[in-house]
Amino acid sequence: MSPESDAGVTILGGGAVGICTALELVERGIPVRLIDRDAPGQGASSGNAGVISPFSVVPQSMPGVWKKAPGWLLDPLGPVAVRARHLPRFLPWALRFVLNGSEARARAVSAAMDGLTAGCVDLYRRHLEGTGHEGLVRDSCYVLAHRDPALASDRGLDAELRRMAGARVEVIGADALREMEPDLSPEFRAAVVVHGQARALSPGRLMAVLAEKLRALGGEVLQREVRALRPCAEGGWQIECEGETVHAARVVVSAGAWSARLLAPLGLRLPLEAERGYHVMFADPGVTLRNSVMDTDRKFVSSSMEGGLRAAGTAEFGGLDALPDPRRAETIAGLARQMVPGLGSAAVTTWSGVRPSFPDSLPVIGEMPGHPGLYGAFGHSHYGFMMAPRTGRIMADLLRGAGPNIDLSPYRADRFGSV
């Protein structure tokens, strides 16, 4: 790709969103350069629970969440943690988060989420066609497991939002749950089951396969750390990388939790939090989960994958530069053994990475205000893995001058105020 080509696009960030955007562009004949510090797709996009759901349309901030949050924060085994040093910076974000928790706002956000998750299973399968690795995506249900049967309901707002997105949602009792997931602890006595989705048997390998497809189609992949992004006086952009400087006519910032830091010197101030998550992988577990299963009390998800059984979850707010807390992974490991007692003494490996989270559960998608040729596609929070294919298609339409068949106003960078 010619560095100065007006037809080409440089994407900063090689996670699921960046890779899917690059694939959509190169398939339309647009030259693409993808730059990431790590191997493509091997950061946060590889460490998730593997859920691929068109029906992940329930925002993080829902009516009543403000009542539950203090209990989560005070519980050492709880799903949310805030590091003390980060608290002053976190509080403004938290206030915005709580204000998004009205029913009217939750419905509006859910509709916008649906615009990004719809068709994600089929889109991943289309990307995998011809690679020889089509089996990495497997049909699955999402099993929301409850210890208290009274809490397993398909009548709440969350179930309604999923149904509006086209999901079939049902409640099952203890016997049906045992038949569906025989290795699950009997302390779970009911579940809400969301049908018609899929799961990745290895999110990291899925991303590696798609990155290799990108290369085979002519996309350029550079493994470099991006240190600065500056507009050029003659037009276009200068990308300062470790060891070299790259020029580009058009740039897509898709750098996950690092996106806001990269954009801040340009005067773009965005309320993006780095939300750390953890997973543990049990090798040779001797037990199997047939679907993606959430412990609804502890808010983590377990799934059988290549190489073992993975349990992933927690939301830890400590800032972009905070080091992982190994105790969080140890907590998940202990809870996973309670969830699936047959895990016993299976060997455990751990992983940690940061998600880019805005307080309204929606990403930034589109051209950045006041900066022609600079686009954003970041901030997908817990939903990046399933929103990536549709985001990539939207970005490809924008960059080739076609109007996407979707209202982009919910994803505008300036929805939080002046940037």
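FYI, side chains are in, hydrogens and waters are out, and symmetry mates aren't considered; it's all heavy atoms of this structure. Along the sequence shown, residues are numbered consecutively beginning with 1.
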Those residues at least two apart in sequence (or on a different chain) that pass ring-ring contact (aromatic ring centres under 6.0 Å, His included) with F97 are W93
Please list all pairs passing the salt bridge (charged side-chain N to carboxylate O under 4.0 Å, His left out) test where one or both residues lie in residues 131-146, with sequence neighbours left out.
R125-D139
Who passes side chain to side chain donor-acceptor pair (under 3.5 Å) against S345, sequence neighbours left out?
none
Would you mind listing every salt bridge (charged side-chain N to carboxylate O under 4.0 Å, His left out) that reaches into residues 333-351, with sequence neighbours excluded?
none
If the condition is ring-ring contact (aromatic ring centres under 6.0 Å, His included), which residues does F385 pass it with, not counting sequence neighbours?
Y124
With sequence neighbours left out, what residues match F55 under ring-ring contact (aromatic ring centres under 6.0 Å, His included)?
none
List in chain and number order the residues that pass salt bridge (charged side-chain N to carboxylate O under 4.0 Å, His left out) with D175, two or more places apart in sequence or in another chain; answer none if no residue qualifies.
none
Go through the structure and list residues passing side chain to side chain donor-acceptor pair (under 3.5 Å) with Q42, not counting sequence neighbours.
none
Where at least one partner belongs to residues 387-396, residue pairs that pass salt bridge (charged side-chain N to carboxylate O under 4.0 Å, His left out), sequence neighbours excluded:
E24-R393
Side-chain (R250) to main-chain (L399) donor-acceptor, under 3.5 angstrom:
yes
Could you note down all residue pairs passing ring-ring contact (aromatic ring centres under 6.0 Å, His included) where residues 174-207 supplies at least one of them, sequence neighbours left out?
none
Show me the pairs that pass salt bridge (charged side-chain N to carboxylate O under 4.0 Å, His left out) and involve residues 302-311, at least two apart or across chains.
R205-E306
Who pairs with W351 by ring-ring contact (aromatic ring centres under 6.0 Å, His included), at least two apart in sequence or on another chain?
H279
